[in-house]
Amino acid sequence: MARLVLQSTLLCLLRVGLGTQDSDSFLPHAPHNCPHKCVCAADLLDCAGLGLREVPVTLPAAAADLDLSHNGLQRLPPGWLAPLSRLRALHLNHNELEALGRGVFTNASGLRLLDLSSNALRALGRHDLDGLGALETLLLFNNHLAHLDERAFHRLGTLSRLYLGCNKLSSFSFNHLHGLGAAHLRILDLSSNHIGRTPVPDLAALPAFLKNGLYLHDNPLPCDCRLYHLLRRWHQRGLSAVSDFAREYTCLAFKVPDSRVRFFAHSRVFENCSVALAQDLERPEEQLHVQVGQSLRLHCNTSAPALRVAWVSPQHELLVAPGSRNGSIAVLADGSLAIGSVQPWHEGVFVCLATGPRLHHNQTHEYNVSVSFPHPEPDAFNTGFTTLLGCAVGLTLVLLYLFAPPCPGCRRCCRRTCHCCRRCRRWPQTPSPLRELSAQSSVLSTTPPDTPSRKASVHKHVVFLEPGRRGLNGRVQLAVAEDFDLYNPSGLRLKAGSESTSSTASEGLVMT
């Protein structure tokens, strides 16, 4: 036993010695240029939460997703992204950045996502975002932004989501969106700012798809009648940016911060507002109804000649010449939109975007297209022939009823006959009083039915004379069996006497 313990102890010491001498040979090799304490995995570079005060000097060229969030970065040096030509997403949120500067995003032409939220940025200059031509999502919420250059976003031609909420912006240029193109923009978040001046005509001129993603809640908006009617109309149309945050839309009734009232909860503030003030704000969309298989042509009607025309489909696809990706929609040389064969997926709002020297880039024209399936038309010949045949048959039956004589042989039996025949066939009649009373009668036979020597005659029936009752006037009421031959009543001979006579003979039997 002692020998086994000694051997195991020596083996452990040997392994420890080998580990101390060649420890590097047992550890996996780190990727080339991976910063200290960062995690590098394939094309991911994670340096979040390391307390970094400066950007790492060496960065791996293979990184496509770089996370530097939750650090203490205060500045970004120009050209620091030069080695990262494959970069697609950059996370810089939760740092201490106060400014960006020119040339910060050089060589980031392939970047799609930039997260600068929860920093200390105070302003955006004209060239702070240069080099981000492919950027699609920009997060700038929860900063201290109080000023935006009027062309701060002019190089972001493909931007579709811009988040500027929770800042200190007091105004925003809605007529040109600070140089941002409205063709791709779908979400513009300006909530929880200090925006008080809002040009209502510029808001009304925005495209329909951008109105649906324009968030203005939790701002000190003025209690203006035109703005109230505009937002109310958006709410009635079901635009999600207004309907989802209806309780957070407030305005200042007076020029003091404590006079905030809710737009859609305190209607008495706007009870003196005239609806006529908001009638000319928005250009109503044209309603078009087409059937599947028909052709459709839409013209971009603008107030002045347009230099360039683009369309946005109901599926939010930007349509420029020659047309859509699947080839079903064509954009012609004059800027009009043509659909050769309308299909159900063409239903929705088509928006025309026109640009020119005399036009704002966001001047739009909207068409609301409804698509339905064609209804089969009824066959006019078959309907007319059926109607004519019905009239002829009806007229023939009327003439037969009026002029056709009844069957002579059946006049003695009944007045209504079906046709001439040897035996009169009667029409169905309501049960007579005698037939109704037959249920109360009983058949008496002197010979039991099981006696084989005699047959019960089918011509013998039993008739009861019921007691006289008031209101019969001395007449006898009979109760006969159901198979009594009413067409040959000669076998039944009864004498109707007085009331006393009928009462005395009420229990007598008359055999026929």
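Note that these values count all heavy atoms, side chains included, but never hydrogens, waters or copies made by symmetry. Predicted, not measured: the structure shown is a model, and the values here were computed from it.
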message: In the structure I gave you, are the side-chain heavy atoms of Cys47 and Leu52 within less than 4.5 Å of one another anywhere?
response: yes
field: Between His289 and Ser372, a side-chain donor and acceptor under 3.5 Å
entry: no
message: We want to know whether Asp218 and Ser192 form a side-chain donor-acceptor pair, criterion being a heavy-atom distance below 3.5 angstrom.
response: yes
Using a 3.5 Å cut-off and no angle test, enumerate the donor-acceptor pairs between side-chain atoms of residues 59-67 and protein atoms at least two apart in sequence or in another chain.
{"from": "Asp65", "atom 1": "OD1", "to": "His91", "atom 2": "NE2", "distance (Å)": "3.4"}
{"from": "Asp67", "atom 1": "OD1", "to": "Ser69", "atom 2": "N", "distance (Å)": "3.0"}
{"from": "Asp67", "atom 1": "OD1", "to": "Ser69", "atom 2": "OG", "distance (Å)": "2.7"}

field: Spatial distance of atom CG (Leu177) from atom CG (Leu188) [nearest 0.5 Å]
entry: 6.5 Å
message: Salt bridge or not between Glu98 and Arg122? Use side-chain N to carboxylate O under 4.0 Å.
response: no
message: Between Asn93 and Ser118, is there a side-chain donor-acceptor contact under 3.5 Å, judged purely by atom types and distance?
response: no
- prompt: Between the side chain of Asp149 and the main-chain N/O of Leu124, is any donor-acceptor distance below 3.5 Å?
  reply: no
- request: Classify the side-chain pair Arg297/Ser336 by whether it contains a donor and acceptor separated by less than 3.5 Å.
  value: yes
statement: Asp128 meets the side chain to side chain donor-acceptor pair (under 3.5 Å) criterion, sequence neighbours left out, with none
query: Between atom OG of Ser117 and atom CG of Asn95, what is the distance when rounded to the nearest 0.5 Å?
result: 10.0 Å
query: Side-chain donor-acceptor pair under 3.5 Å between Gln343 and Ser341, yes or no?
result: yes
message: Once rounded to the nearest 0.5 Å, what's the spacing between atom CG of Leu159 and atom CG of Leu114?
response: 10.0 Å
